[in-house]
Amino acid sequence: VDLSQLWSSDSLLANDRLEVWGLLQQAWEQTRPMAESRRITVRLVNQIDDDSLPVTYGSEFWIRRVVTESLQAALRAASANATLDIELRQMGPRVLIVFRNSGMWPAAARNAVLLNDGQARKAGGLVAKPRGAVAPLSAKDLIGLHLCERIIRLHGGLLREEQDDLGLRNFLIDLPTGAPGRDGHDATMDAAQAQRYAADLSALMARRRKTQPVG
């Protein structure tokens, strides 16, 4: 996963001034061919007045990459001919990119189960499958989600999900506005841990593919 290459790049700790609406539009233009090939309609909705569009600070390259990865995950989760609504909102000092009613990425609890499952298999342990278990997420999505979470966390933000009043599941990219937001942790240590995680999980997924019986 080429996202892991970011840990050798000083751009991760940049403090560029970013207009989130423009960044979302750039990510969409990059992803448009994928949507057109699957005949998926994407509607970008700005819920903020044009005169008061919020800005955030960080690495323009990597935050745009997270938005692009998230867009691609949402498109992969959508059925052909579907409509995907993506909204830009502001909530106090936070700016939110909201993927409405999207099945993208795994739920947080399911992701934890998948990660624990991978670690147990790597250690040679037995893993019990819960009743009604769904098919495991692809290596690309599983590693991509984890690294995207790391990038956003280093910028003082969160990747999270919520259910609205209608019971619809929304996925959110939640970023601080105003001054640069950092979580106070050692970014170098976070980067090293994520790089090791990506390498270990890539090896695990490759080994799993080799051991799967040929149909």
Which pair of heavy atoms, one from [X] and one from [Y], lies closest together, and at what distance?
X	Y	answer
G156	P176	O-CD, 3.6 Å
L23	R64	CD2-CA, 3.7 Å
R160	L96	NH2-CD2, 4.0 Å
F99	I173	CE1-CD1, 4.0 Å
Q30	T68	OE1-OG1, 3.8 Å
I63	G58	CD1-CA, 4.4 Å

Is there a donor-acceptor pair closer than 3.5 Å between any side-chain N or O of [X] and the backbone N or O of [Y]?
X	Y	value
N170	Q163	no
S59	W62	yes
T177	P93	yes
H155	L175	no

Report the C-alpha distance between N101 and L84 in whole Å, list the side-chain angles of each, state the deciding distance to 0.1 Å, and finish with yes or no for side-chain contact (heavy atoms from CB on, under 4.5 Å). CA-CA 8 Å; N101 193 27; L84 176 63; over 6 Å; no
In this structure, would [X] and [Y] fall into the same cluster of hydrophobic residues linked by side-chain contacts under 4.5 Å?
X	Y	answer
I48	V20	yes
L172	L158	no
L44	V98	no

Output the distance between atom CD (Q47) and atom CH2 (W21), rounded to the nearest 0.5 Å. 9.5 Å
Please list, chain by chain and in numerical order, all residues satisfying side-chain hydrogen bond (donor to acceptor under 3.5 Å, both in side chains) with [X], sequence neighbours excluded.
X	answer
D49	none
E29	R32
R94	D174
R89	E87

Between I86 and V45, does the side-chain contact (heavy atoms from CB on, under 4.5 Å) criterion hold? Intermediate values first, please. CA-CA 6 Å; I86 304 173; V45 180; over 6 Å; no
If we only count heavy atoms from C-beta on, is the [X] to [Y] side-chain gap below 4.5 Å?
X	Y	result
S70	M104	yes
I40	T83	no
T31	E36	no
R169	E162	no

Evaluate side-chain contact (heavy atoms from CB on, under 4.5 Å) for F171 paired with L159, printing each intermediate quantity in order. CA-CA 8 Å; F171 180 85; L159 296 187; 4.0 Å; yes
Using the test salt bridge (Lys or Arg N to Asp or Glu O under 4.0 Å), find all partners of E19 that sit at least two apart in sequence or belong to another chain.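 Expected list: R17.
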For R43, enumerate each residue passing the salt bridge (Lys or Arg N to Asp or Glu O under 4.0 Å) test, keeping only those at least two apart in sequence or located in another chain.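 D85.
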